[in-house]
Each structure stands twice: as structure tokens, then as C-alpha cells.
Amino acid sequence: IAAADKKIVGMIRAKVPGTKVLVLAVFPRGARKNQQGVITPEAIADAAKRMDIIDAVNVELAKLDDGRNVRFLDINASFLGQDGKIPFAIMPDQLHPNAAGYQLWADAMKPLLTEMMK
């Protein structure tokens with residue numbers, strides 16, 4: 001993921017050097033409920049494993065930020081409740097945001113996007 005994003009950013013910068021690029025962190029994933037609506041210990045372990053991979057990818061993505069034309073933004077904290085978990089009210093399947101999740105996403109990006117557009 002990080003290598004592909006780096007290549008894409010490089011291509012954009014080569015073809016249109018003045019373009020501003022916002023690279024977002026890979027969003028968090030949570031433990032999914034099974035068909036009976038229960039979150040099993042296996043699902044919790046799987047989600048933790050996925051988050052370890054996502055965290056490592058995000059460390060690499062952050063290195064693309066040059067402070068000017070390419071900016072990295074990690075808004076993952078916006079998707080987490082006080083318990084550190086993704087509320088089902090914003091990501092019902094613990095992967096895809098719903099309307100409330102998209103609003104959090106937009107609100108979290110707005111300050112940096114506004115700064116980048118100046």
C-alpha cells in the first residue's frame with residue numbers, strides 16, 4: 001500500500017509539479033460481529049492484527065509529507081470512541097463509514113485542506 005501510494009504521488013508530482021496532494025492514513029478497522037451478532041475473541045485478535053499492519057503502513061505514508069505540496073493526515077482518532085474502539089454508529093461493519101462517519105471524515109480534513117488551498 002505504501003509503495004503504491006508513493007508511486008502515485010511521485011507520478012502526480014512528475015506530471016503536475018505544482019499539484020497539492022493530501023495523503024490520508026489508512027482508516028482503522030474494528031472487530032466484526034459474526035452472523036449471530038457476536039464479536040468473538042478470534043475477531044478481536046484478527047482486528048488487532050489488521051491494525052498492526054495498518055499502523056505500519058501509516059508510518060510509511062507519513063514519510064511522504066514534505067510539509068508543502070504533499071501532506072499526510074491521520075484522522076483515525078476521529079473514528080474512535082473514548083474506549084478506543086470504532087463506534088458501530090459511524091462504521092456499522094467496522095470498515096466502511098456511514099453518513100455520520102463521512103461527516104467526521106470531512107470535518108477532520110477541512111482545516112488542512114483549507115490551509116493547503118491558500
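Only this structure's heavy atoms are used, side chains among them; waters, hydrogens and symmetry mates stay out.
With sequence neighbours excluded, the residues satisfying side chain to side chain contact (heavy atoms under 4.5 Å, CB included) with A108 are I75, S78. Residues satisfying the side-chain hydrogen bond (donor to acceptor under 3.5 Å, both in side chains) criterion with D55, sequence neighbours excluded, are absent altogether. Residues passing the salt bridge (Lys or Arg N to Asp or Glu O under 4.0 Å) test with K20, sequence neighbours excluded: none. For D46, the salt bridge (Lys or Arg N to Asp or Glu O under 4.0 Å) partners are R50, not counting sequence neighbours.
When all heavy atoms of G81 and P87 are compared, the closest pair comes out as N-CD, 3.7 Å. Scanning both residues, P28 and M51, for their nearest heavy atoms gives CA-SD, 3.5 Å. Taking each heavy atom of V26 and N58 in turn, the nearest pair found is N-OD1, 2.7 Å.
Both I12 and V23 belong to a single network of hydrophobic side chains, linked directly or stepwise wherever heavy atoms of I, L, V, M, F, W or Y lie under 4.5 Å apart. Criterion: ILVMFWY side-chain heavy atoms under 4.5 Å apart, direct or through other members. Under it, I54 and I86 are not part of a common hydrophobic cluster. Taken together through direct or relayed side-chain contacts under 4.5 Å among Ile, Leu, Val, Met, Phe, Trp and Tyr, L61 and L22 form parts of separate hydrophobic clusters. V59 and I53 fall into different hydrophobic clusters, defined by Ile, Leu, Val, Met, Phe, Trp and Tyr side-chain heavy atoms under 4.5 Å apart, directly or through other members.
Between L64 and V70, some side-chain heavy-atom pair lies under the 4.5 Å cut-off. The shortest distance between side-chain heavy atoms of V21 and N69 does not fall below 4.5 Å.
The CG atom of N34 sits 4.5 Å away from atom CD of Q36, with the distance rounded to the nearest 0.5 Å. Interatomic distance, CZ of R29 versus CE of M91, reported as 7.5 Å (0.5 Å rounding).
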List the atom pairs, donor and acceptor, that lie under 3.5 Å between side-chain atoms in residues 109-118 and the rest of the protein, sequence neighbours left out.
from	atom 1	to	atom 2	distance (Å)
T114	OG1	K110	O	2.8
E115	OE2	R71	NH1	3.0

Atom pairs and distances, donor-acceptor, side-chain atoms in residues 95-102, under 3.5 Å, two or more places apart:
from	atom 1	to	atom 2	distance (Å)
H96	ND1	D93	OD2	2.6
N98	OD1	A100	N	3.0
N98	OD1	G101	N	3.0
N98	ND2	A89	O	2.8

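Crowding of I1 atom CD1: a count of heavy atoms from other residues, nucleotides or ligands under 6.0 Å not exceeding 12.
Applying the ring-ring contact (aromatic ring centres under 6.0 Å, His included) rule to pairs touching residues 39-61 yields nothing, sequence neighbours excluded. Screening residues 32-43 for salt bridge (Lys or Arg N to Asp or Glu O under 4.0 Å) gives no qualifying pairs among residues at least two apart or on separate chains. The stretch residues 36-67 participates, sequence neighbours left out, in no ring-ring contact (aromatic ring centres under 6.0 Å, His included) pair at all. Within the structure, ring-ring contact (aromatic ring centres under 6.0 Å, His included) contacts touching residues 53-90 (residues at least two apart or in different chains) are F27-F79. Each side-chain hydrogen bond (donor to acceptor under 3.5 Å, both in side chains) pair with one or both residues in residues 5-18, not counting sequence neighbours, would appear here, but there are none.
V16 belongs to no hydrophobic cluster with other residues, because no ILVMFWY side-chain heavy atom falls under 4.5 Å from its own, directly or through intermediates.
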>> Does I44 form a side chain to side chain contact (heavy atoms under 4.5 Å, CB included) with I39? I'd like the steps, not just the answer.
In response: CA-CA 7 Å; I44 293 169; I39 299 175; 3.6 Å; yes

